**Q** 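One structure coming up, written as C-alpha cells, with questions to follow.
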Number of protein chains: 2
Amino acid sequence: MLSKKTKYGLKALTFLASQPNREPIQIAEVAKHENISQKFLESILLTLRRNGFLGSKKGKGGGYYLIKDPSEIQMTSVMRVLEGPIAMVPCVSLNFYEKCDDCPDEGICSVNKLMLKVRDANLEVYRNTTLADLITQ
Amino acid sequence: MLSKKTKYGLKALTFLASQPNREPIQIAEVAKHENISQKFLESILLTLRRNGFLGSKKGKGGGYYLIKDPSEIQMTSVMRVLEGPIAMVPCVSLNFYEKCDDCPDEGICSVNKLMLKVRDANLEVYRNTTLADLITQ
DNA sequence: GTTATTCCTATTAAATCTATAGGGTAATAA
DNA sequence: TTATTACCCTATAGATTTAATAGGAATAAC
C-alpha cells in the first residue's frame, strides 16, 4: 500500500506545479484544496523542502513553492524521499542495499529473483515519469 | 516492503516445486530448510492450501505438496493471496477496487495517474512469471 | 511590536505485522 | 485398537510502522 504521506506529498507537489507562477502558497491553502490534515501536510512539505524539491518563505505572504521545473522532477527521487526504497526487499535495492539475514545465498533465492524483476519494472515507470506528466491540463 | 508472510510463502512454494516428486513434505522440513519459524509457516501453508496451491496429507508420512505444475502458477495469483492487492491504491485495483474518500475526481488525480502505470508494470511482471521461472536449476 | 506564517520536537493513537501459545482433529502404522 | 504423527484452528501478545496531534519557537512583513 502507498502511504498517506506519499499520497499527500504527490498531491501537494502536483498542486504547486500547476500554479501559474512560483509565488509561495500557504500550507493551509494546499491542505484545504487537497483535503489533507494541515499539521500532517506541514511535516510532509518540510521533508520535501529539506530534500530539495521545495523552497519556503516564512512570515506574512510566506508559503511553499517549487524550485525546479516539473519536467525535471523524476518520480524515482520523489518516491525515494516520501515512500522509501523502491525495491520491495533490501537485497535488491540499489540505494538501500542490505543482505537478508535469513537468506544464505541471494543467487539462488526465488524471492530475490522475482523482486529484481519487479524493481526494474517500477524503476522504468518512475524514471520515465516526471511531475509534469502528472498534471492534468 | 514485502511482508515476511509473502516472502516465506514464496520460498516454501519454490522449495516444494523443486522437489523431484510430489510426495508430501513435512512443515518442519520446509521450515528448517528455509529458516522460517515453524508455527508461522504453518499458517502460511494453510492459506496456500485453502487457495488451491497446495494439497496436504495428515498422519505419519504426511505433509504438504504442490497440486499444480509450477509453470501453471502465475505470480499474480500468488501475490494476491499472500500479499493482497497488487495495486498500491484501491482506486486503481482490478480485483479490489474502492473509491478514495478524500479524492473528488479520479480522472484528474495525479496519484491515480501514476499508480495506474505502476500497477500495469507490476501486472506485466507477475503475469509473465510463474513458479517454474523462480526455481534455480 | 504585532501579526501571520513556517519550522521543529515530542508524543499519542491506531493499525498492521510477526510470532507464539496451546490445544483440537484427522489420518496412518503397527 | 492404540499410539503416533502431523495437520488444523483460534486467540493473543509484542513489535513496528503509520497517521495524526499538540505546543511552541523562529522568522518576516507591515
Side-chain angles (χ1 to χ4, degrees), chain A residues 1-12 16 23-32 34-67 79 81-85 88-90 96 98 100-102 111, chain B residues 1-12 16 23-32 34-51 53-67 81-85 88-90 96 100-102:
Chain A
M1 275 286 283
L2 194 74
S3 69
K4 298 224 169 184
K5 181 180 172 187
T6 304
K7 190 177 177 183
Y8 295 163
L10 277 170
K11 287 193 170 197
L16 293 176
E23 297 292 307
I25 310 287
Q26 296 166 29
I27 294 177
E29 190 180 340
V30 181
K32 193 179 173 188
E34 301 294 340
N35 290 310
I36 306 173
S37 144
Q38 180 166 337
K39 273 292 186 178
F40 191 21
L41 180 61
E42 207 175 297
S43 69
I44 297 169
L45 294 181
L46 203 54
T47 301
L48 290 172
R49 183 187 63 85
R50 285 178 177 154
N51 283 279
F53 296 101
L54 301 178
S56 67
K57 193 183 169 191
K58 289 184 187 177
K60 194 170 185 177
Y64 282 97
Y65 50 92
L66 269 191
I67 55 177
M79 290 298 290
V81 163
L82 293 173
E83 189 75 5
M88 292 183 80
V89 283
F96 304 86
E98 251 177 72
C100 296
D101 41 350
D102 60 318
V111 176
Chain B
M1 275 286 281
L2 195 72
S3 69
K4 297 225 168 182
K5 182 181 172 186
T6 303
K7 189 177 178 184
Y8 294 163
L10 277 171
K11 287 195 170 196
L16 293 177
E23 296 292 305
I25 310 287
Q26 296 168 29
I27 293 178
E29 190 180 341
V30 181
K32 192 178 175 190
E34 301 295 338
N35 290 311
I36 306 174
S37 143
Q38 181 167 338
K39 275 291 188 179
F40 192 21
L41 181 60
E42 212 174 294
S43 70
I44 296 168
L45 293 181
L46 204 54
T47 301
L48 289 172
R49 185 187 62 85
R50 285 176 178 154
N51 283 278
F53 297 101
L54 301 179
S56 66
K57 190 183 168 191
K58 292 182 182 176
K60 193 168 187 179
Y64 282 98
Y65 52 91
L66 268 191
I67 54 177
V81 163
L82 293 174
E83 189 76 4
M88 292 182 81
V89 283
F96 303 87
C100 295
D101 41 347
D102 60 318

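Chain letters run A, B, ... following the sequence lines, proteins first, then strands; residues in each count from 1. Note that this is a predicted model, so its numbers are computed, not measured.
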**Q** Nearest heavy atom decides the nucleotide; on that basis, is B/Y8 or B/K58 closer to the 5' end of DNA chain C?
**A**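 The residue whose closest nucleotide sits nearer the 5' end is B/Y8.
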
**Q** State whether B/S43 places a side-chain N or O below 4.0 Å from either non-bridging phosphate oxygen (OP1 or OP2) of D/dC9.
**A** no

**Q** Does a distance-only test, which skips hydrogens and angles, find a donor-acceptor pair under 3.5 Å between the side chain of B/E42 and the base of D/dC8?
**A**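 Under the 3.5 Å cut-off, the side chain and the base do form a donor-acceptor pair.
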
**Q** Does a side-chain N or O from B/R49 land closer than 4.0 Å to OP1 or OP2 of D/dA6, or not?
**A** no

**Q** Distance check needed: D/dA15 C1' versus B/M1 CE, whole Å only.
**A**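 It works out to 14 Å between those atoms.
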
**Q** So what does B/L45 hit on the nucleic acid, given a heavy-atom distance under 4.0 Å: a base, only sugar-phosphate, or nothing?
**A**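 Since no nucleic acid heavy atom lies under 4.0 Å of B/L45, the category is nothing.
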
**Q** Using a 4.5 Å cut-off on heavy atoms from C-beta on, say whether the side chain of A/P85 contacts that of B/M1.
**A** no

**Q** On DNA chain D, compare the nucleotides closest to A/L2 and A/K60; which residue's is nearer the 5' end?
**A**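 First, find each residue's nearest nucleotide; the 5'-ward one identifies A/L2.
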
**Q** Heavy-atom nearest nucleotide on DNA chain D for B/R50 versus B/G61: which residue maps closer to 5'?
**A** B/G61

**Q** What is the separation between atom CZ on A/F40 and atom P on D/dT18, rounded to the nearest whole Å?
**A**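 Distance, rounded to whole Å: 10 Å.
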
**Q** Using whole Å, what does the distance between atom C1' of nucleotide D/dT5 and atom CD1 of B/I27 come to?
**A** 12 Å

**Q** So does B/S3 get a side-chain nitrogen or oxygen closer than 4.0 Å to the phosphate oxygens (OP1/OP2) of C/dT16?
**A** no

**Q** Closer than 3.5 angstrom, by distance alone: can the side chain of B/D102 be matched with the main-chain N or O of A/N35 as a donor-acceptor pair?
**A**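 Side chain of B/D102 to backbone of A/N35: no pair is present.
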
**Q** Can you tell me how far the CG atom of A/L16 sits from the CG atom of A/L45, to the nearest 0.5 Å?
**A**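 Between A/L16 CG and A/L45 CG, I get 7.0 Å after rounding to 0.5 Å.
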
**Q** Within this structure, what is the NZ-to-C1' distance between A/K5 and D/dT17, rounded to whole angstrom?
**A**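 Atom-to-atom, A/K5 to D/dT17, this comes out as 11 Å.
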
**Q** Which part of the nucleic acid, if any, lies within contact of B/K4, taking any heavy atom under 4.0 Å across all strands shown: a base, the sugar-phosphate backbone alone, or nothing?
**A**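 It contacts sugar-phosphate atoms only.
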
**Q** Measure CD/B/Q38 against P/D/dC8 and give the value in whole Å, please.
**A** 13 Å

**Q** Using atom CG of B/L54 as one end and atom C1' of D/dA6 as the other, report the distance to the nearest whole Å.
**A**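 Whole-Å distance recorded here is 15 Å.
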
**Q** What is the distance from CD1 of A/I44 to P of D/dA19, rounded to the nearest Å?
**A** 9 Å

